[in-house]
Structures are given as C-alpha cells and as structure tokens.
Trainee: 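Here it is, the structure in full.
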There are 2 protein chains.
Amino acid sequence: MTLGQKIRELRENAGLKQRELAYQLGIGEGFLSKVENDQKPLKRDDLSKLSKLFKTPIDELDSLWLANKVYSIVRDEESALTALKVAEEQLKYKNFKNA
Amino acid sequence: MTLGQKIRELRENAGLKQRELAYQLGIGEGFLSKVENDQKPLKRDDLSKLSKLFKTPIDELDSLWLANKVYSIVRDEESALTALKVAEEQLKYKNFKNA
DNA sequence: TGTACTTGTCCTAATTTGGTCAAAAATAAT
DNA sequence: ATTATTTTTGACCAAATTAGGACAAGTACA
C-alpha cells in the first residue's frame, strides 16, 4: 500500500471526485492525479488535512508518506534491499544507544 | 557499520592520514573528516576511487552509501521503522511484478 | 458529448550536494 | 609544559536537484 493508493481509497470511499478533493487541498486536479499515482510527492502539511477530512489516523498517512520518500530513493537501486537492512540496523543501534 | 566508519577503517588500516586520503580524492581534509563522521555525504563517484585505492569491493561501499542516504531521511522520524518496512514491501512487490 | 482522470511541459522556490577555509579541539611528540 | 600534528567543527557558498505546483492537451469511458 502506497500513499497514493491510500489517498485514492479514502477519496473514493468518501465518494469524492479528484477535483473536489483537490479543491479541499488547494491544489489542481492534475497534481492530485500525480500524487495518487505516486508520481509527485504530496506536501507533508497536507497530510493533516487529509486526516481530518477523512477522519483517519495521521500516523498511518505519515509513515506512508515517509515510506514513499524512502522508496523513491532506493527504487532503481541494485543494492536497495541491503541498503534498507543496513539503515534499519543503524536505526536500531541509535535507538539502543539513546534508550 | 556506516559508510563513514568503513572509510575510516580502510584509511587507518592503510596507515593514511586524512590529509593524504583527502588529497587522493581531491577534496579538503575538513570535508573528509565530516564524511567519516557521516555529517556530509560523499560524492558517489568517489566510491570507485576508494574501491580501487583500498582494493575493496564496490558493492559494499555502494550499499553503505545508499544506506546512509536512507538513514539520513528517517533518522529523526517517529515512524522511521514502519516506513522502512513499508518501503521494503513496496520494493518486494515491484520485484515480484517484474520477475 | 461531457465528465473524470492522466500526462507532458514548464516554472519558481526551497533544499541538498559538495565543497572551502579558518578556528578550535584533541592527540602525539619533544 | 610546549609544540607540532591531526582531526573536528562552524560558517559560508555556488551549483545541482527536488518540491510543489500550474496549465493544456490527451485518454477513458459512460
């Protein structure tokens, strides 16, 4: 599940057209289309708008947003998976240190 | 193990001073210091120089380089770990599709 | 045909990259 | 205890990249 997929799901379940949601967010429908197709990143502040609009927890949106960012940098990389593993270890080590 | 740590290890095992290695790479010693402390990213092209210089496989350097980049964006994030997991899933899904 | 969505081109503004240089701090040598 | 060497840090900078869109034209489809 990507952020774009999630947004589309929320929007469709709410019975909204792209143009309508785009208006709520203050962006154009073309841009929203790209966001839903994960071709453009959504401004992070807009996540809270989505959260309120669709009454969905912001945490999930936020981690999807971050995941998209991560994915976009490893997407075409040979060593993508190993890099993720290494990053994860570094993260755990840091959390361990500051525990 | 981060890229900076790896570079320092390689350099010290080769008995080089920062200034010497920095010269080989065509950068200043101050910058190299920051690289070894993971405060600045190293230019990706320089990895091959390191690989040749220290006769160490480029793959490892490369994945450490990428891991650093990933880590730098999730480092201070609340949802860091979940985001990594999600990104990993997206990656596996993509590899599955194009298999 | 009309409505909804997608895609390509283009743009500005913000951020990141990839450094330099000098000063400060730490370490080693005398 | 000084001095010399090595490393770290802070401030700054230009260049490259990404963010965050707009807009028009193209597609899909009922």
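Chain A is the first sequence line, chain B the second, and so forth, proteins listed ahead of strands; every chain is numbered from 1.
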Trainee: Evaluate whether atom CD of A:E78 has more than 12 neighbouring non-hydrogen atoms of other residues, nucleotides or ligands under 6.0 angstrom away.
Mentor: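 Check fails, neighbour count at 12 or below.
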Trainee: Can you give one letter per nucleotide of nucleotides 5-13 of chain D, going 5' to 3': B for a protein heavy atom under 4.0 Å from the base, S for sugar-phosphate only, - for none?
Mentor: -SBBBBB--
Trainee: Checking salt bridge (charged side-chain N to carboxylate O under 4.0 Å, His left out) against A:E77, which of B:K94, B:R44, B:K69 comes through?
Mentor: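 That would be B:R44.
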Trainee: From OH of A:Y23 over to P of C:dA4, roughly how many Å is that when rounded to an integer?
Mentor: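 After rounding, the gap between these two atoms is 16 Å.
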Trainee: Crowded around B:Q5 CD? As in, over 12 foreign heavy atoms under 6.0 Å?
Mentor: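 Buried by this count: over 12 neighbours within 6.0 Å.
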Trainee: Which atom names give the shortest non-hydrogen contact between A:M1 and A:L64, and what distance separates them?
Mentor: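 For A:M1 versus A:L64, the nearest heavy atoms are O-CD2, 3.3 Å.
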Trainee: Is a side-chain N or O of A:T56 found less than 3.5 angstrom from the main chain of A:S51, in a donor-acceptor match?
Mentor: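 Pair absent, no side-chain N/O of A:T56 close to backbone of A:S51.
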Trainee: Could you walk me through whether A:L47 and A:L3 satisfy the side chain to side chain contact (heavy atoms under 4.5 Å, CB included) test, starting with their C-alpha distance in whole Å, then the side-chain angles of each, then the deciding distance to 0.1 Å, before giving a yes or no?
Mentor: CA-CA 10 Å; A:L47 293 182; A:L3 180 63; 4.3 Å; yes
Trainee: Could B:K85 and B:E89 be called an ion pair, given the rule that one side-chain N must be under 4.0 Å from one carboxylate O?
Mentor: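 A salt bridge is absent here (no side-chain N lies under 4.0 Å from a carboxylate O).
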Trainee: Taking atom P of C:dT16 as reference, at what distance in whole Å does atom CG of B:L42 sit?
Mentor: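 To the nearest whole Å, that distance equals 18 Å.
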Trainee: Rounding to 10 degrees, work out the angle separating the end axes of the helix from C:dT1-D:dA30 to C:dT30-D:dA1 (five pairs an end).
Mentor: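 The angle separating the two end axes equals 40°.
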Trainee: Can you give one letter per nucleotide of nucleotides 24-30 of chain C, 5' to 3': B if a protein heavy atom sits under 4.0 Å from the base, S if only from the sugar-phosphate, - if neither?
Mentor: -------
Trainee: Which residue, A:P41 or A:G28, contacts DNA chain D at a nucleotide closer to its 5' end, judged by nearest heavy atom?
Mentor: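 Closest to the 5' end, via its nearest nucleotide, is A:P41.
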Trainee: I'd like to know if A:R11 and A:E20 make a salt bridge, using a cut-off of under 4.0 Å between side-chain N and carboxylate O.
Mentor: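 No, this pair does not count.
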Trainee: Closer than 3.5 angstrom, by distance alone: can the side chain of A:S63 be matched with the main-chain N or O of A:D59 as a donor-acceptor pair?
Mentor: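 A pair under 3.5 Å: yes.
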Trainee: Following the transitive rule for hydrophobic clusters with a side-chain heavy-atom cut-off under 4.5 Å over Ile, Leu, Val, Met, Phe, Trp and Tyr, establish whether B:L91 and B:Y93 coincide in one cluster.
Mentor: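 B:L91 does not cluster with B:Y93.
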Trainee: May I have the distance from A:D45 (atom CG) to C:dA14 (atom P), rounded to whole angstrom?
Mentor: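 Checked: the CG to P distance equals 14 Å.
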Trainee: Check whether A:D46 reaches the backbone of A:L42 with its side chain - one donor and one acceptor, N or O, closer than 3.5 Å.
Mentor: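 Judged by distance alone, no pair lies under 3.5 Å.
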Trainee: Rounded off to whole Å, could you give me the CD1-to-P distance for the B:I27 and C:dT17 pair?
Mentor: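 Between P of C:dT17 and CD1 of B:I27: 15 Å.
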